[in-house]
Visitor: 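Dumping the structure here so I can ask a few things about it.
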Amino acid sequence: MLTGGAIQDILSKPVEQHPEKPVFQILGIKKIQTKGSEGAGNDRYRLVLSDGVNIHTSAMLATQLNDLVISKQIEVKAVIRLDKYICNIIQETRKVLIVLEMTVIKPGNEVPGRIGEPKNINADSNSDRQQPQQNGSGGQNSMSGGGTMSGGPVLGGASRGAGLASATYGSHQPLASKGDSARAVYPIMSLTPYQNRWTIRARVTSKSNIRTWSNSKGEGRVFNVDLVDESGEIRATGFNDAVDKFYELLEVNKVFYVSKCSLRTANKQYSTIKNDYEMYLNNDSIIEVCEDRCNLPTLQYNFVQIGDLGNFNADSLVDILGLVISCDDVTQITTKTTNRQVSKRDITLLDRSEKSVRATLWGDDAEKFDEHVGKNPVLALKGVKVSEFGGRSLSILNSTNMRVNPTEVKEAHNLVGWYENVGKNSTIESLSGNRSEGGAMGADYKTLSQITNEQLGMGPKGDYTTVKATVVFMKKENCLYKACPSADCNKKVIEEGDGYRCEKCDKSYTDFKYRLLLQTNLADFTGNQWVTFFQETAENILNTTAERLGQLKDSGDDTAFDQLFLEASFKQHIFRIRAKMETYNDETRLKCTCVNVAALDFKKECRRLLGEIKKLKML
DNA sequence: CCCCCCCC
């Protein structure tokens with residue numbers, strides 16, 4: 001079943017003699033601890049592979065295959081076929097095998113135990129850090145602790161003419177400067193800040209504009225490019241001089257040899273590039289066009305289904321493949337802080353989850369989208385921002401890589417076919433709410449204690465949030481007031497003689513209408529909060545009308561009046577709350593107003609809670 | 001060293 005001897009061949013023979021699609025058994029899977037990695041998607045997995053004769057402990061899974069581990073498609077004991085792999089020389093004699101594509105031949109749970117009696121092949125003969133394998137039978141995770149791949153300085157200088165590098169990329173003349181020893185091409189995923197004697201060969205998949213900034217720390221220009229090879233991807237950033245030196249050279253889709261850049265921990269907040277590190281172009285950096293034809297991948301996506309967007313927090317970045325089902329016109333908005341005029345255009349995206357989401361294009365992107373209006377293009381978006389307005393929506397940032405009808409993304413073609421045959425006629429549920437309800441009940445749920453703990457309401461417009469809470473007390477005294485009877489005026493009237501005067505309308509009326517202004521105490525498992533309910537929201541929780549309450553009050557039927565309050569107490573609802581700091585008599589305090597009440601929909605609520613649990617799991 | 005991405 002296993003390709004006996006394949007490990008020996010891969011480690012000792014030139015690449016032409018490497019076995020094609022060897023079959024191995026996985027004897028261990030270990031997540032490599034990486035510093036400062038937040039959330040999922042940045043991990044790397046090291047595999048212990050056996051060919052039944054030998055064990056190789058330095059195999060790595062290409063980052064784009066991480067999901068196979070996460071979804072447990074590959075587990076210890078599984079038999080797998082390597083459809084595509086590279087073997088890179090490390091520290092003269094130690095070699096890392098990188099699995100680029102693979103097929104599960106037999107899942108781990110169907111394999112009783114270790115196949116054959118494989119011996120550890122110590123490729124790392126120069127190092128005593130590699131522990132001999134102490135594999136128990138039955139295929140337990142056999143990773144020896146403190147292995148050489150666990151985040152330390154794993155890569156030494158590579159020598160020329162060995163392993164994958166020179167064989168695969170044989171026509172490449174080493175790029176090292178004079179006097180430096182020649183070097184081999186490294187896979188992107190092997191780069192670390194701990195050693196810098198590497199050259200990568202990578203395709204530019206996207207390039208930003210040159211941005212300028214000016215702040216207290218200074219000013220300057222900056223750009224970035226995303227680079228990809230068979231093993232993974234990395235973002236490279238260049239400042240000032242590097243902009244002049246490299247911006248023009250680095251054309252999208254072209255392939256380059258890149259060396260002598262520094263690496264630093266990447267801030268995951270700003271990119272969906274699957275790499276813990278980011279590359280910085282500096283004065284020593286060398287970038288040369290690779291003229292050879294090579295088969296490097298294009299952009300790497302990690303698409304998220306639109307239907308799963310509820311599992312992502314606001315401001316997270318995701319990759320989305322969606323078909324445009326509607327386009328709004330371009331409108332102008334004025335920004336709150338800088339009063340600048342900015343163009344925006346909302347479009348609606350649909351995918352196979354049969355859920356749609358509204359996405360906003362800004363500035364030039366909004367204007368230039370005119371050419372696609374009336375068509376149904378497919379957009380491949382890498383690094384689009386999740387926003388919580390009115391459920392979930394997307395914001396297409398300057399840094400978002402947007403491809404329209406990308407021919408290189410085969411799912412894009414499939415999505416068109418699906419839309420023509422299925423999607424077109426499906427009932428589509430929107431995650432963004434429709435325009436009329438637009439954000440009436442947002443998906444940005446908070447607990448009552450979060451309202452104060454997170455200091456909501458500091459801004460001039462206040463903050464909106466949704467809470468699930470219980471009505472625990474209502475101040476029924478003075479909850480009704482006599483208001484101006486005219487249609488749009490709800491001002492309290494002053495009784496004068498037999499009439500009612502409205503100061504706002506500057507008019508006297510013979511009649512008035514009762515309106516509600518109800519101080520209500522809401523509670524959830526974290527605390528409670530006084531919230532003001534006006535007419536419609538108060539009528540909703542009291543399950544009656546202001547008019548009816550007025551009648552009971554006027555007729556002196558206190559029992560019936562009180563009964564309505566009693567029945568409305570200890571009922572749970574979903575509340576949309578506006579929180580805003582307000583100052584009265586030099587005292588600033590948080591004022592909360594309920595702007596919408598919705599019944600607790602158990603099905604929806606369960607789905608939301610499941611989503612919350614899923615979010616916790618992803619931490 | 002950027003990392004702002006706006007509005008309802």
Side-chain angles (χ1 to χ4, degrees), chain A residues 36 38 206-226 235-244 246-247 261-273 278-283 314-318 328-348 357-369 381-402 430 432-444 459-465 576 578 595-596:
Chain A
E38 309 124 42
S206 73
K207 179 165 83 164
S208 74
N209 294 325
I210 300 166
R211 301 186 303 277
T212 55
W213 84 89
S214 171
N215 59 28
S216 56
K217 290 176 197 162
E219 53 182 64
R221 292 171 301 146
V222 64
F223 80 105
N224 23 39
V225 288
D226 293 339
R235 170 160 287 187
T237 300
F239 292 98
N240 304 318
D241 289 352
V243 174
D244 299 325
F246 299 121
Y247 187 79
C261 303
S262 51
L263 271 90
R264 263 178 265 166
T265 304
N267 190 338
K268 292 288 161 190
Q269 199 183 334
Y270 304 115
S271 145
T272 57
I273 295 289
E278 187 168 270
M279 189 180 279
Y280 289 83
L281 308 178
N282 54 47
N283 279 333
D315 296 334
S316 38
L317 294 177
V318 293
D328 289 3
D329 291 334
V330 177
T331 56
Q332 298 292 316
I333 59 122
T334 308
T335 60
K336 271 188 279 190
T337 44
T338 55
N339 268 337
R340 257 177 335 115
Q341 286 281 113
V342 179
S343 301
K344 66 156 261 197
R345 185 203 296 272
D346 282 349
I347 59 175
T348 306
V357 67
R358 197 181 41 184
T360 306
L361 292 151
W362 301 99
D364 272 358
D365 287 339
E367 308 273 355
K368 285 181 186 153
F369 208 77
L381 299 164
K382 188 176 174 70
V384 64
K385 194 173 89 169
V386 176
S387 136
E388 283 182 335
F389 184 76
R392 279 291 184 285
S393 54
L394 299 172
S395 187
I396 299 168
L397 310 178
N398 258 327
S399 58
T400 303
N401 188 318
M402 178 171 86
S430 172
S432 310
N434 62 38
R435 211 166 312 165
S436 56
E437 338 175 315
M441 199 54 76
D444 45 339
K461 292 184 77 177
D463 290 303
Y464 288 79
T465 189
R576 185 72 177 162
R578 181 180 57 229
V595 296
N596 196 42

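Quick note on labels: first sequence line is chain A, next is B, and so on, each numbered from 1.
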Visitor: Between B/dC4, B/dC2, B/dC5, which nucleotide gets closest to the side-chain atoms of A/Y270?
Guide: B/dC4
Visitor: Can you find a side chain N or O atom of A/S395 that sits less than 4.0 Å from OP1 or OP2 on B/dC6?
Guide: yes
Visitor: Assign A/S271 to base, sugar-phosphate, or nothing according to its heavy-atom contacts below 4.0 angstrom with the strands shown.
Guide: nothing
Visitor: Flag the pair A/T212 / A/E219 as yes when at least one side-chain heavy-atom distance between them is below 4.5 Å, and no otherwise.
Guide: no
Visitor: What contact category does A/E278 fall into here, base, sugar-phosphate, or nothing, at under 4.0 angstrom with non-hydrogen atoms?
Guide: base
Visitor: Whole Å only: how far is the CD atom of A/Q332 from the C1' atom of B/dC7?
Guide: 11 Å
Visitor: Return the nearest nucleotide to the side chain of A/N240; candidates are B/dC2, B/dC6, B/dC1.
Guide: B/dC1
Visitor: Give A/Y280 one of three labels, base, sugar-phosphate or nothing, depending on what nucleic acid heavy atoms sit under 4.0 Å from its own.
Guide: base
Visitor: Regarding A/R340, tell me which of base, sugar-phosphate or nothing describes its non-hydrogen contacts under 4.0 Å with the strands shown.
Guide: base
Visitor: Can you tell me how far C1' of B/dC3 sits from CZ of A/R264, to the nearest Å?
Guide: 14 Å
Visitor: In this structure, how many angstroms lie between the P atom of B/dC5 and the CG atom of A/L394, rounded?
Guide: 16 Å
Visitor: Would you check if the side chain of A/S393 reaches a backbone N or O of A/R358 as a donor-acceptor pair within less than 3.5 Å?
Guide: no
Visitor: Rounded to the Å, how far apart are A/M279 CE and B/dC2 P?
Guide: 20 Å
Visitor: What nucleotide, of B/dC7, B/dC1, B/dC2, holds the atom closest to the side chain of A/K344?
Guide: B/dC7
Visitor: Could you work out which one of B/dC7, B/dC5, B/dC1 sits closest to the side chain of A/I333?
Guide: B/dC7
Visitor: Looking only at heavy atoms, which two atoms of A/N401 and A/S206 are closest? And how far apart?
Guide: ND2-CB, 2.7 Å
Visitor: So which of A/D226, A/N224, A/L317 actually passes side-chain contact (heavy atoms from CB on, under 4.5 Å) with A/I273?
Guide: A/D226
Visitor: Give the ring-plane orientation class for A/W213 versus A/F239, where under 30° counts as parallel, over 60° as perpendicular and anything between as tilted.
Guide: perpendicular
Visitor: Write down the distance between CD1 (A/I210) and C1' (B/dC3), rounded to a whole number of angstrom.
Guide: 17 Å
Visitor: Of the listed nucleotides (B/dC1, B/dC6, B/dC7), which one gets closest to any side-chain atom of A/W213?
Guide: B/dC1
Visitor: Write down the distance between CG (A/D346) and P (B/dC6), rounded to a whole number of angstrom.
Guide: 12 Å
Visitor: Whole Å only: how far is the CZ atom of A/R358 from the C1' atom of B/dC8?
Guide: 8 Å
Visitor: Which part of the nucleic acid does A/S399 contact within heavy-atom distance under 4.0 Å: base, sugar-phosphate only, or nothing?
Guide: base
Visitor: Could you check whether the side chain of A/K217 and the base of B/dC1 have a donor-acceptor pair of N or O atoms closer than 3.5 Å, going by distance alone?
Guide: no
Visitor: What is the distance, rounded to the nearest whole Å, between atom CG of A/N209 and atom C1' of B/dC2?
Guide: 14 Å
